[in-house]
Amino acid sequence: MNIHEHQSKEILRSYGVNVPKGKAAFSVEEAVKVAEEMTDSAVKVVKAQIHAGGRGKAGGVKLAKSVEEVKTYAAELLGKVLKTHQTGPEGKEVHRLLIEEGSKIKKEYYLSFVIDRMTARTVMMASTEGGVEIEKVAAETPEKILKEYIDPAVGLLPFQATRMAYALELPAPAIRKASSLMLKLYDAFVGKDCSLAEINPLVVTEDDDVVALDAKLNFDDSALFRHPDIAAMRDETEEDPKELEAAKENLNYVNLGGDVACMVNGAGLAMATVDILKHYGGDPANFLDVGGDSDPKKIAAAFKIMLEGGQSKGIFVNIFGGINKCDQVAEGIVEAAKIISEDGKSIPVPVVVRLEGTNVERGREILKNTPIKNVIMAETMEGGAREIVRLVNEAKA
């Protein structure tokens with residue numbers, strides 16, 4: 001689960017991490033009111049709040065030298081669709097802002113905590129190349145990324161934080177402040193069951209203060225039951241509506257942006273299906289794992305989600321029935337046609353179905369005798385993938 005920058009900063013502030021003074025604003029009037037309260041700062045920063053990086057390059061961060069400029073920028077940003085390297089071409093609409101005091105920056109750095117699954121440990125990563133995309137730094141100058149691996153039994157030790165601060169070649173007056181901030185950020189990371197805690201940039205100011213100028217926290221969804229306060233911060237307007245709807249139906253769905261939808265049982269088979277569609281020249285629309293439940297109503301709900309918005313131009317159903325029963329999957333496809341079409345006998349895009357496993361003969365018989373149009377049976381996974389890609393490409397031609 002992701003949250004907004006202003007929410008991340010509130011959490012970090014509660015752990016003693018030094019962040020700029022600021023408040024969220026949901027309207028131009030609120031933005032002006034927050035700015036008027038910041039009498040100690042000559043410069044106010046107006047930041048668009050969306051779940052994506054690269055806001056500055058997209059025009060989503062403005063420096064205002066007066067309350068009037070705050071008002072102008074707030075009016076400009078609220079309701080604007082920002083397109084960054086992380087939003088995709090469709091962009092994201094700005095519904096809220098963060099108004100905060102400006103900082104006199106001397107140098108920018110990068111700092112984060114993330115889970116390293118290869119070592120089964122948390123790793124603290126830092127770099128002198130702050131304020132830019134860390135992926136670009138990793139690709140072009142990997143030697144500039146510094147790492148400290150943390151023993152989960154003892155946590156981040158003070159000497160590790162101090163060693164990192166010196167490795168970053170911070171000014172002497174900032175060393176102790178930076179190591180203290182690292183320890184507090186680690187406490188927040190562990191205390192809130194984060195999967196990522198990132199500060200980019202971490203800045204040293206002209207008076208050698210150390211400030212988390214930006215903040216991003218991601219959380220382990222499986223641990224949210226321990227943090228109802230975090231769960232309450234969820235902003236569903238920032239999430240894919242299909243993924244939200246799928247979650248309510250207990251479906252594991254991820255939108256991949258393509259036009260060949262697939263419905264599969266089991267995460268491993270789902271990933272293999274996405275791969276084989278790519279292999280035959282298709283563009284997968286989604287990852288959809290129905291799990292071990294083949295209830296017809298659940299299958300029908302999956303079809304409805306895949307077809308919403310006209311994104312999918314074809315559907316590949318690839319089921320290996322163990323716990324799942326192929327006849328119930330077939331009944332779900334028939335049920336989907338009744339829900340989706342007016343006559344109850346058609347699906348608007350071609351559907352290629354490969355069934356194997358429990359009750360497979362019964363499932364194939366149901367689909368063979370159904371009056372539903374556009375349903376094609378496939379004997380193998382490879383054959384089914386080739387066929388659906390061919391049909392989708394023909395429809396686009």
Side-chain angles (χ1 to χ4, degrees), residues 2-3 5 8-9 11-13 15-20 53-57 61 85-86 103-220:
N2 299 335
I3 60 175
E5 176 191 358
S8 296
K9 286 180 173 176
I11 292 171
L12 296 185
R13 187 179 284 114
Y15 278 85
V17 176
N18 190 14
V19 298
R55 292 169 297 163
K57 291 181 180 179
V61 179
H85 67 284
Q86 291 186 3
S103 298
K104 295 180 179 179
I105 302 169
K106 181 160 66 175
K107 180 74 172 72
E108 296 184 349
Y109 302 85
Y110 173 89
L111 176 66
S112 72
F113 288 93
V114 67
I115 304 296
D116 181 354
R117 302 194 184 279
M118 292 295 289
T119 60
R121 293 188 174 197
T122 298
V123 59
M124 175 169 62
M125 296 196 303
S127 177
T128 55
E129 304 301 301
V132 298
E133 299 163 27
I134 195 63
E135 297 85 359
K136 185 176 180 181
V137 178
E140 297 178 1
T141 53
E143 70 279 2
K144 292 185 178 180
I145 296 180
L146 310 173
K147 297 179 181 179
E148 282 282 350
Y149 289 91
I150 302 163
D151 187 330
V154 297
L156 179 65
L157 297 172
F159 85 87
Q160 290 180 293
T162 303
R163 182 164 64 189
M164 181 64 83
Y166 275 108
L168 290 170
E169 299 180 352
L170 291 162
I175 294 289
R176 191 180 293 261
K177 297 173 185 176
S179 59
S180 174
L181 184 145
M182 293 172 192
L183 291 163
K184 291 171 181 175
L185 182 61
Y186 178 74
D187 287 343
F189 178 87
V190 174
K192 293 298 184 182
D193 287 305
C194 295
S195 55
L196 170 71
E198 181 181 74
I199 298 175
N200 190 21
L202 174 75
V203 303
V204 174
T205 64
E206 291 182 358
D207 57 358
D208 289 322
D209 200 7
V210 180
V211 182
L213 205 62
D214 197 357
K216 179 179 181 181
L217 298 181
N218 293 351
F219 303 91
D220 183 346

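The model shown is predicted, which means the values in this text are computed figures rather than measured ones. Below, each value reflects all heavy atoms present in this structure, side chains not excepted, and no hydrogens, waters or symmetry copies.
- Counting only heavy atoms from C-beta outward, the side chains of I150 and Y186 approach each other to under 4.5 Å.
- For the atom pair D187 CG and Y15 OH, the distance stands at 7.5 Å (nearest 0.5 Å).
- The closest side-chain heavy-atom distance from M125 to V114 is below 4.5 Å.
- To the nearest 0.5 Å, atoms CD1 (I11) and SG (C194) are separated by 7.0 Å.
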Would you tabulate the side-chain donor-acceptor contacts of residues 152-162 under 3.5 Å, counting partners in other chains and residues two or more places apart, or write 'none'?
unit_1	atom_1	unit_2	atom_2	d
Q160	OE1	L157	N	3.1
Q160	NE2	E148	OE1	3.3
Q160	NE2	Y149	O	3.0
T162	OG1	P158	O	3.0

Does the pair E5 and R55 meet the rule for a side-chain contact (heavy atoms from CB on, under 4.5 Å), with working shown? CA-CA 12 Å; E5 176 191 358; R55 292 169 297 163; 2.9 Å; yes
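- In this structure, the side chain of E198 does not engage the main chain of K216 through any donor-acceptor pair within 3.5 Å.
- For the pair P20/V211, a side-chain contact is recorded, criterion being any heavy-atom separation below 4.5 Å from C-beta on.
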Quick one, V203 with K106, criterion side-chain contact (heavy atoms from CB on, under 4.5 Å). Give me CA distance, side-chain angles, the key distance, then yes/no. CA-CA 7 Å; V203 303; K106 181 160 66 175; over 6 Å; no
N/O donor-acceptor pairs under 3.5 Å from side chains in residues 168-183, not counting sequence neighbours:
unit_1	atom_1	unit_2	atom_2	d
K177	NZ	D208	O	3.2
S179	OG	I175	O	3.3
S179	OG	R176	O	2.9

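- Considering only heavy atoms from C-beta on, V210 comes within 4.5 Å of L202 through its side chain.
- Under the 4.5 Å side-chain criterion, counting only non-hydrogen atoms from C-beta, F219 is in contact with K192.
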Run the numbers on T122 and F189 for side-chain contact (heavy atoms from CB on, under 4.5 Å), then give the verdict. CA-CA 10 Å; T122 298; F189 178 87; 3.6 Å; yes
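- Rounding to the nearest 0.5 angstrom, the gap separating the CD1 atom in I115 from the CZ atom in R121 is 12.0 Å.
- For the atom pair CG (L111) and CG (L185), the distance works out to 5.5 Å, reported to the nearest 0.5 Å.
- In this structure, the side chains of L213 and I199 stay at 4.5 Å or more apart for every pair of heavy atoms.
- Nearest heavy-atom pair, E108 versus P201, reported as atom, atom and distance to 0.1 Å: CB-CB, 3.8 Å.
- Residue D220 holds its CG atom at 12.5 Å from CG of L196, rounded to the nearest 0.5 Å.
- A distance of 11.0 Å separates CG in L146 from CZ in R163, rounded to the nearest 0.5 Å.
- Counting all heavy atoms, side chain and backbone alike, K9 lies closest to A212 at CE-O, 3.9 Å.
- No donor-acceptor distance shorter than 3.5 angstrom exists from the side chain of N218 to the backbone of S195, with no hydrogens or angles considered.
- A side-chain donor-acceptor contact under 3.5 Å links S127 to the backbone of E129.
- Using a distance-only test at 3.5 Å, with no hydrogens or angles considered, no donor-acceptor pair links the side chain of K184 to the main chain of R13.
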